[in-house]
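Input: a single structure, listed below in structure tokens.
Both ligands and their constituent atoms are indexed starting at 1 by order of listing.
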Amino acid sequence: MLMSDENRSKDENRSKDKNRYPDEQRDAVYRVIAERRDVRRGFLPDPVPADVLARILAAAHRAPSVGLSQPWDFIVLTDRARRERIVGLARRHRDEYAEDLPAARARAFDRLKIESILDTPVNIVVSCDRTRGGRHTLGRRTQPQTADFSCVLAVANLWLAARAEGLGVGWVSFFEERELAAELRLPAHLEVVAYLCVGYVTEFAPEPELAAAGWARRRPVSWAVHAEEFGRRGLPGEEPVDPLAEVIAAIAPPDQQAMAAAKERQDLMTKPRGSLGQLEDISTKLAGLAGSCPPPLPEPACVAVFAADHGVHAQGVTPWPQEVTAQMVANFLAGGAVVNAFAAQAGAEVTVIDVGVAGDLDNVPGLLPRKIARGTGDFTAGPAMTRDQAVAAITTGIEVARDLVAAGNRCLVTGDMGIANTTASAALICAFTGADPVEATGRGTGIDAATYARKIDVVCRGLARHQPDPADPVGVIAAFGGFEHGALAGFILGAAALRVPVILDGVIAGAAALAAVALAPDAIGACFAGHRSAEPGHTVTLSYLGLRPLVDLGLRLGEGTGAVLALPLVQSAARALRDVATFDSAGVAEKS
Ligand SMILES: Cc1cc2nc3c(=O)[nH]c(=O)nc-3n(C[C@H](O)[C@H](O)[C@H](O)COP(=O)(O)O)c2cc1C
């Protein structure tokens, strides 16, 4: 008999109701997911009863696994002498990790607890056998790593069951895997997946310890969900959000109240009024950006060096071969460039983003591979890039800013690398400010008179060809920009939307800031001009943006070097507002 549509839908609803857990039980599932924590502190010495341990291990053993291969084994450790040896392994790796950290991170890391191997009565090691089940294990043929994924699901089950039992679990990964495997007498075909410290605790923290400590932040779920294809971000039931539109909408003017409070406090601080000069303006601006007085310290800081190549290089605007871009990227990653030296001195991290280097780069730690294309087109012959590529570059910069802030950075610093990028910058500056190419074009890395004349001519020809409309910033970037300019514009917008200060380097960052401010005028509230570059176009840019540089040393290197030099100044401005006593609090008499 055919069912009517109405009856079918009633029937389906009944079966949905039948399958769904009663509200209270469903809530308990979501509750345990929300309240599961990685626990490192507050463990009690009480032993975990055998039946409780058996229950959480059985829960782990119920995990899904590729081809039902159940590739896990669980090694339960209570012996103290063995765990003391294991602590030794973890401490060594902890120290090695700490040595690699920039100063501000190293200080924060020092305060973190990363393992509770001896504070807990029992440790559980989860190992993986990638060969279990033999050759025809269903689903593992093309992806051997699905065995490891299965073991991680066993860990997740154990972690959730433990939370429901009131047991804290802390995952330790500070091991060289084979060293730990040897200590556990693991056969060669087994690998360690997880080392878990398990015990009863005084309490479970409401949020991840790393978030509470300010080490890293949670990313909003809306950043992680994409509709149909990567990049169409948005939650089900909501329109996909375009990151650029979302970020522009999130950028707001500075908080006037926080700024007024900062100004008032500067006048009460134990120093003559106005005696900190420009630093008083910086700290007021930081307060306005953060919406609080005093503002948070802008540390840790990260220099993001965006690297890309330029088609206009073919016009002979620089004596440097294009390959130098890729070679310098390798130098940044090896820690051998000036920006690395300055960043080490200032305690900042350096991250390099390939947004359009012509050559291939090795994937090494510290490099974010985000290539949009292998260099731009020659803007004297056509647009440097398509509009879609310009939007992709901006979006990449937004995401890099978001990720670096989620990773715990409180100050972003711009850097760049791209042979011929001062030519593209000059064109962008003329397009946005209306400056004359003679006024905005400089000698870049140092060029002779003939090359300089050619460079000006190239900028003039580009402007004549594209007739840029400054009211269409994406179009201007597409016409002249490097991918690093687009990405830097997005990076500035991303920082402004998150209300995190961004210290601008020289002329390349300045040109990108012009685009960012054209897209969202209030983004200027997040921008701090690190230095004044020797490039004349930079002076034009700074006065157009109304920014006063902190450092003026005639630098013309790029990379982020000038901005990094200004980092301690911006940090000192914030610290003064936070730490300096007032006349009242210190009992110091004011000038009569
Ligand atoms: C694969 C993995 C390895 C981890 N390794 C460590 C570690 O070595 N030390 C540590 O303190 N926490 C470690 N954690 C815990 C994470 O820092 C923690 O899960 C994260 O900050 C989120 O906090 P929450 O688990 O309380 O939600 C690890 C977590 C996972 C998933």
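Electrostatic pairing of R370 and D354 does not count as a salt bridge here, judged by no charged N lying under 4.0 Å from a carboxylate O. Between D119 and R40 there is no salt bridge, since no side-chain N of the basic residue sits under 4.0 Å from a carboxylate O of the acidic one. With respect to R402 and E246, a salt bridge is recorded, a charged nitrogen being found less than 4.0 Å from a carboxylate O.
For atom 6 (C) of ligand 1, the closest non-hydrogen atom of the protein is W171 O, 2.8 Å. Protein heavy atom in closest approach to atom 23 (O) of ligand 1: P208 CB, 3.2 Å. Given atom 25 (O) of ligand 1, the protein heavy atom at minimum distance is R36 NH1, 2.8 Å. Given atom 16 (C) of ligand 1, the protein heavy atom at minimum distance is R40 NH2, 4.0 Å. Closest protein heavy atom to atom 24 (P) of ligand 1: D38 N, 3.5 Å.
Interface of V172 with ligand 1, defined as ligand atoms under 4.0 Å from a residue heavy atom, comprises 7 (C), 8 (O). Heavy-atom contacts of R218 reach the following atoms of ligand 1: 27 (O) (cutoff under 4.0 Å). Every atom of ligand 1 with a heavy atom of R37 under 4.0 Å away is listed here by number and element: 24 (P), 25 (O), 26 (O), 27 (O). Within ligand 1, counting atoms from 1 as listed, the ones closer than 4.0 Å to a heavy atom of S173 are 3 (C), 4 (C), 5 (N), 6 (C), 7 (C), 8 (O).
In this structure, atom 2 (C) of ligand 1 has protein heavy atoms in its sub-4.0 angstrom surroundings.
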Audit row: L138, L68, side-chain contact (heavy atoms from CB on, under 4.5 Å) steps and yes/no = CA-CA 8 Å; L138 193 150; L68 197 58; over 6 Å; no

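At least one cation-pi condition fails for R132 and W72: the charged atom is not both under 6.0 angstrom from the six-membered ring centre and inside a 45 degree cone around its axis.
Using a 4.0 Å cutoff on heavy atoms, E35 does not count as a contact of ligand 1. Within the 4.0 Å heavy-atom cutoff, E115 does not count among the residues contacting ligand 1. Judged by the shortest distance from any of its heavy atoms, E207 lies outside the 4.0 Å radius around the atoms of ligand 1.
The heavy atom nearest to atom 10 (C) of ligand 1, out of those in V169, V152, I114, is found in I114.
Within a 6.0 Å radius of CD in Q25, more than 12 heavy atoms belonging to other residues, nucleotides or ligands are found. More than 12 heavy-atom neighbours from other residues, nucleotides or ligands sit within 6.0 angstrom of CZ on R578.
At a heavy-atom distance under 4.0 Å, no atom of E209 approaches ligand 1. Contact annotation: for L210 versus ligand 1, heavy atoms closer than 4.0 Å belong to the side chain alone. For R94, no heavy-atom contact with ligand 1 is shorter than 4.0 Å.
Under the 3.5 Å distance criterion, the side-chain polar atoms of R233 are matched with a main-chain donor or acceptor of W223.
By the 30° and 60° cut-offs, the orientation of the rings of F109 relative to Y97 is perpendicular. Note: W171 and W159 have tilted aromatic rings, judged against thresholds of 30 and 60 degrees for the angle between ring planes.
Atoms CD1 and OG1, from I372 and T396 in turn, are 4.0 Å apart once rounded to the nearest 0.5 Å.
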